[in-house]
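A short worksheet on the structure shown next.
Numbered from 1 within each chain, the chains take letters A, B, ... in sequence-line order.
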Amino acid sequence: DGGITQSPKYLFRKEGQNVTLSCEQNLNHDAMYWYRQDPGQGLRLIYYSQIVNDFQKGDIAEGYSVSREKKESFPLTVTSAQKNPTAFYLCASSIDRSGNTIYFGEGSWLTVV
Amino acid sequence: SQKIEQNSEALNIQEGKTATLTCNYTNYSPAYLQWYRQDPGRGPVFLLLIRENEKEKRKERLKVTFDTTLKQSLFHITASQPADSATYLCALDAGGFKTIFGAGTRLFVKA
């Protein structure tokens with residue numbers, strides 16, 4: 001089935017540690033996104049990518065990094081510079097930048113211990 | 001400042017009634033607006049998209065209206081069922097390849 005696969009579903013990070021969340025899509029979509037969701041708040045855009053080898057900062061990019069070496073993959077690294085990383089992270093994709101439907105993965109829960 | 005607002009209070013309704021959720025926005029001029037459903041611990045799922053030149057859109061028991069003068073969208077679920085219980089997110093085109101999401105409204109449908 002076509003879709004977006006995020007892994008792991010649950011991840012624990014120690015203080016000062018970098019962690020990477022995986023996101024793979026087989027929808028042949030050009031655009032990919034990372035959102036962060038906190039309780040009672042809307043989804044906030046961390047990074048987005050329109051094509052391979054190109055990505056742009058969203059509204060809350062500080063403390064995060066991404067790469068887009070393949071069309072199918074858009075991993076997110078939560079660095080130690082992100083002071084409040086505990087949240088629900090959602091990877092998404094869309095056909096292109098024209099505002100079509102956004103398809104989401106099942107999300108990854110990151111907790112700092 | 002730019003804002004997109006949905007009622008933060010949960011909406012409780014009886015099965016069979018119509019649920020109406022509201023999305024208001026300020027300082028945006030979106031070309032389209034979307035509604036998504038999100039179940040606990042899951043990613044949002046697309047439901048409907050309505051463009052600025054459309055007043056109303058329907059899909060099965062769902063209906064969305066879009067009033068660009070009032071800067072408001074209404075999302076209706078008719079003949080609601082307990083399975084419709086979820087959080088519903090409004091999202092709009094913020095320009096420059098960005099989609100902005102509201103915080104969502106939690107809907108509970110009682111049998």
- Item | Heavy atoms of other groups near B/E54 CD, more than 12 under 6.0 Å | yes

- Below 4.5 Å from any heavy atom of chain B, which atoms of A/Q41 appear? Answer side chain, backbone, both or neither. backbone

- Query: Which bit of A/Y103 is near chain B, if near means a heavy-atom gap under 4.5 Å: side chain, backbone, both or neither?
  - Reply: neither

- Item | side chain to side chain contact (heavy atoms under 4.5 Å, CB included) assessment of A/L90 paired with B/Q38 | CA-CA 12 Å; A/L90 288 158; B/Q38 186 175 24; 4.2 Å; yes

- Task: Determine, stepwise, if the pair A/F104 / B/F46 fulfils side chain to side chain contact (heavy atoms under 4.5 Å, CB included).
- Result: CA-CA 9 Å; A/F104 287 87; B/F46 171 78; over 6 Å; no

- Task: Identify which part of A/L43 has an atom lying under 4.5 Å from any heavy atom of chain B, answering side chain, backbone, both or neither.
- Result: both

- Message: Rounded to the nearest 0.5 Å, what separates atom CD1 in B/I100 from atom CG in A/L45?
- Response: 7.0 Å

- Message: Could you check whether atom CD of B/Q14 has more than 12 heavy atoms from other residues, nucleotides or ligands sitting under 6.0 Å from it?
- Response: yes

- Query: Got more than 12 heavy atoms from elsewhere within 6.0 Å of NZ, B/K110?
  - Reply: no

- Item | Region of A/D38 in contact with chain B, defined by heavy-atom distances below 4.5 Å | neither

- Task: Heavy atoms only, distances under 4.5 angstrom: which of B/G104, B/C90, B/P44, B/A103 has the most pairs with chain A? Name it, please.
- Result: B/P44

- Query: What residue, out of B/G41, B/A31, B/S8, has the most heavy-atom pairs lying under 4.5 Å from chain A?
  - Reply: B/G41

- Message: Between B/Y36 and A/I102, is the side chain to side chain contact (heavy atoms under 4.5 Å, CB included) condition met? List the steps.
- Response: CA-CA 9 Å; B/Y36 290 77; A/I102 297 177; 3.4 Å; yes

